[in-house]
Asks: 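Here it is, the structure, as structure tokens.
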Amino acid sequence: MSEVRNQVIGAWRKSTFSNPSGNCVEFAEAANNLVAMRNSRFPAGGVLFYTRPEIEAFLQGAKAGEFDDLAG
């Protein structure tokens, strides 16, 4: 059995709306048409990989305000 490893291939990016200390969720392009996500406070920490349709669904929900109650 072979193990498939996901790999970040793009630069990490975060929202220009992140807080003044710069801590935020970051996204980067990943191999196999995936998108990687991590917490900028812990750049050596865990990375989550999502498909582009999963990211698109999340962004559409965020733009529609579905997560506004979770923000500051």
Side-chain angles (χ1 to χ4, degrees):
M1 177 187 313
S2 65
E3 180 180 338
V4 176
R5 292 196 166 259
N6 294 323
Q7 181 180 19
V8 175
I9 58 173
W12 287 102
R13 298 182 284 173
K14 62 185 171 185
S15 170
T16 58
F17 294 96
S18 63
N19 70 35
S21 66
N23 294 331
C24 195
V25 175
E26 295 180 311
F27 293 90
E29 185 176 359
N32 301 316
N33 204 29
L34 297 174
V35 176
M37 182 177 79
R38 72 177 182 183
N39 185 330
S40 67
R41 286 181 289 157
F42 308 106
V47 175
L48 299 173
F49 293 89
Y50 295 93
T51 65
R52 290 181 185 263
E54 290 168 335
I55 291 294
E56 182 179 357
F58 171 75
L59 291 175
Q60 288 177 342
K63 289 176 183 175
E66 293 178 5
F67 309 108
D68 287 356
D69 62 311
L70 300 175

Asks: If you group Ile, Leu, Val, Met, Phe, Trp and Tyr by side-chain heavy-atom gaps below 4.5 Å, do L48 and V35 land in one group?
Replies: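 Looking at the clustering, V35 is in the same group as L48.
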Asks: Any chance you could pull the hydrophobic cluster mates of I9, using side-chain heavy atoms under 4.5 angstrom and chaining through other members?
Replies: none
Asks: What's the shortest heavy-atom distance between S40 and C24, and which atoms?
Replies: OG-N, 2.7 Å
Asks: Can you tell me if R38 uses its side chain to pair, donor with acceptor, with the backbone of E26 under 3.5 Å?
Replies: no
Asks: Taking all atoms of both residues into account, what is the closest heavy-atom pair of A11 and A28, and its distance?
Replies: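 Shortest heavy-atom contact: O-CB, 3.6 Å.
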Asks: Please collect all ring pair (Phe, Tyr, Trp, His ring centres under 6.0 Å) contacts where either partner lies in residues 12-45, sequence neighbours excluded, each pair once.
Replies: none
Asks: Apply side chain to side chain contact (heavy atoms under 4.5 Å, CB included) to V47 and M37, showing your working.
Replies: CA-CA 6 Å; V47 175; M37 182 177 79; over 6 Å; no
Asks: Under the rule for side chain to side chain contact (heavy atoms under 4.5 Å, CB included), what residues qualify as partners of R41, not counting sequence neighbours?
Replies: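 With sequence neighbours excluded, R41 shows a side chain to side chain contact (heavy atoms under 4.5 Å, CB included) to N23, N39, given in chain and number order.
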Asks: What ring pair (Phe, Tyr, Trp, His ring centres under 6.0 Å) pairs are there with at least one residue in residues 53-72, not counting sequence neighbours?
Replies: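 Found F58-F67.
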Asks: Which residue pairs pass the salt bridge (charged side-chain N to carboxylate O under 4.0 Å, His left out) test with at least one member in residues 6-15, sequence neighbours excluded?
Replies: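 Those involving residues 6-15 do not exist here.
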Asks: Write out all pairs satisfying side chain to side chain donor-acceptor pair (under 3.5 Å) with one or both partners inside residues 43-52, taking only residues at least two apart or from two chains.
Replies: N33-R52, T51-E54
Asks: Could you check if a side-chain atom of N32 sits within less than 4.5 angstrom of a side-chain atom of F49, using non-hydrogen atoms only?
Replies: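 They are not in side-chain contact.
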